[in-house]
J.: 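Please find one structure pasted underneath; my questions will follow.
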Amino acid sequence: MKLPDKQSSVEAAIAHVKDGDTVMLGGFGVPGTPFTLIHALVRHGACNLTIVKNDANEPNMGVDHLLQSGLVSRLITTHLGLNAHAIGLMNSGQIKVEFNAQGILAERIRAGGAGLGGFLSDIGIGTELAEGKQVIEQDGKTYLVEPALRANVALLHATRADSFGNLAYVATARNFNPLMAMAADCVIAEAETVLPLGGLAPDDIHTTGVFVDHFAALGALSKEYAVVQR
């Protein structure tokens, strides 16, 4: 059986994002953030988006371009501390922000990818993080019900890919990208280097191509990504 070639242009891939979609963005700060796909999403103009990302990047970087363009109505994240613009939008009510402890966000995404409805946790009981969440008693202990997270689309950055969409990440880019690849209906990646099928050793693959719908070759790093890596 011949495996399909999933390589696409950035524009054709990002066209799958629609108004009102929930979009997961990979990345742990800079590593693994799909900067080129984010710029393409700004140009594409899909609006009223719910963005799921560990962080809001910094002003004039990554997620902030979506915020500046007014395309985001809700942000599900762990912190905004590096982005004063995002904090201002939240405080003025221009976007809704849902905060999660970092491990809770990762586990909510993992649960979504595993087909679970959610999980129990005692983290955040008695704090603002518990507001609006179901509380249950189990074996004499109190827990919050943390619902699983899924998305319409996940946008990821990989260092290497092969023609089938097998992906390899570097370092902390592995924190959220593999989880998000399993928790979205459509997975789109950007890759710095594209290898022929078989060019990635099995042990080097962090996301198997069965989870990836489209990927675009960057050829060279996007200007934004290259600058912040220096």
J.: With a 4.5 Å cut-off on side-chain heavy atoms, are Leu66 and Leu25 touching?
T.: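 Sidechains of Leu66 and Leu25: in contact.
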
J.: If we only count heavy atoms from C-beta on, is the Glu190 to Val10 side-chain gap below 4.5 Å?
T.: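 SC-SC contact between Glu190 and Val10 ruled out.
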
J.: Is the backbone N or O of Gly112 less than 3.5 Å from a side-chain atom of Arg150, with the two atoms forming a donor-acceptor pair by type?
T.: yes

J.: So does Ile188 get a backbone contact from the side chain of Asp213, meaning a donor-acceptor N/O pair under 3.5 Å?
T.: no

J.: Does some side-chain heavy atom of Leu156 sit less than 4.5 Å from a side-chain heavy atom of Asn177?
T.: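 Asn177 vs Leu156: side chains touch.
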
J.: Ignoring hydrogens and angles, tell me if any N or O in the side chain of Thr159 forms a donor-acceptor pair with the backbone of Ala168 under 3.5 Å.
T.: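 Between the backbone of Ala168 and the side chain of Thr159 there is a qualifying donor-acceptor contact (under 3.5 Å).
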
J.: Where the side chain of Thr172 meets the backbone of Asn175, is there a donor-acceptor pair that is under 3.5 Å apart?
T.: no

J.: Are side-chain heavy atoms of Leu89 and Val97 found at a separation under 4.5 Å?
T.: no

J.: Quick one: closest heavy-atom pair of Ala101 and Ile123, and the distance?
T.: CB-CG2, 4.2 Å

J.: Could you check whether any side-chain heavy atom of Arg174 comes within less than 4.5 Å of a side-chain heavy atom of Phe28, counting everything from C-beta outward?
T.: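 Of all side-chain heavy-atom pairs linking Phe28 with Arg174, none is under 4.5 Å.
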
J.: Any side-chain heavy atom of Pro59 within less than 4.5 Å of one from Gln68?
T.: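 Side-chain contact under 4.5 Å: no.
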
J.: Is it the case that over 12 heavy atoms from other parts of the model lie below 6.0 angstrom from the CD atom of Glu137?
T.: yes

J.: Can a donor-acceptor pair be found, under 3.5 Å and without considering hydrogens, that links the side chain of Asp21 to the backbone of Leu49?
T.: no

J.: Mind checking whether His206 and Tyr169 have parallel, tilted or perpendicular rings, split at 30° and 60°?
T.: parallel

J.: Test side chain to side chain donor-acceptor pair (under 3.5 Å) on His157 and Glu192 and set out the steps.
T.: CA-CA 8 Å; His157 177 95; Glu192 297 170 30; 2.7 Å; yes

J.: Is there a donor-acceptor pair closer than 3.5 Å between any side-chain N or O of Asn100 and the backbone N or O of Ile104?
T.: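 Pair absent, no side-chain N/O of Asn100 close to backbone of Ile104.
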
J.: Closest approach of Gln7 and Val194, non-hydrogen atoms and distance?
T.: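 So the minimum-distance heavy-atom pair works out to OE1-CG1, 3.8 Å.
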
J.: Taking all heavy atoms of Gly26 and all of Pro34, pick out the closest pair and write down the distance.
T.: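 That closest heavy-atom pairing would be O-CD, 3.5 Å.
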
J.: Is atom CG of Asp203 surrounded by more than 12 heavy atoms (other residues, nucleotides or ligands) closer than 6.0 Å?
T.: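 No - once you tally the heavy atoms of other residues, nucleotides and ligands closer than 6.0 Å, there are 12 at most.
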
J.: Under the 3.5 angstrom rule, does the side chain of His16 hit a backbone N or O of Ala13 as a donor-acceptor pair?
T.: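 Yes: the side chain of His16 pairs with the backbone of Ala13.
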
J.: With side chain to side chain donor-acceptor pair (under 3.5 Å) as the test, would you mind laying out the steps for Ser73 and Asn48 before giving the verdict?
T.: CA-CA 5 Å; Ser73 60; Asn48 193 29; 2.9 Å; yes

J.: Using a 3.5 Å distance criterion without hydrogens, assess whether the side chain of Asp185 forms a donor-acceptor pair with backbone atoms of Val153.
T.: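 Flag not set: sc Asp185 to bb Val153 has no pair under 3.5 Å.
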
J.: Identify which one of Gln102, Lys53, Arg110 satisfies the side-chain contact (heavy atoms from CB on, under 4.5 Å) criterion when paired with Phe176.
T.: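 Running side-chain contact (heavy atoms from CB on, under 4.5 Å) over Gln102, Lys53, Arg110 with Phe176 returns exactly one hit, Gln102.
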
J.: Does Asn54 reach the main-chain N or O of Thr78 with its side chain, forming a donor-acceptor pair under 3.5 Å?
T.: no

J.: Answer yes or no: is there a donor N or O on one side and an acceptor on the other, between the side chain of Asn152 and the main chain of Thr22, under 3.5 Å?
T.: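 Yes, the answer is positive, given that a donor and an acceptor are paired below the 3.5 Å cut-off.
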
J.: Determine whether Leu37 and Ile14 make a side-chain contact, defined as any pair of heavy atoms from C-beta on separated by less than 4.5 Å.
T.: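 Of all side-chain heavy-atom pairs linking Ile14 with Leu37, at least one is under 4.5 Å.
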
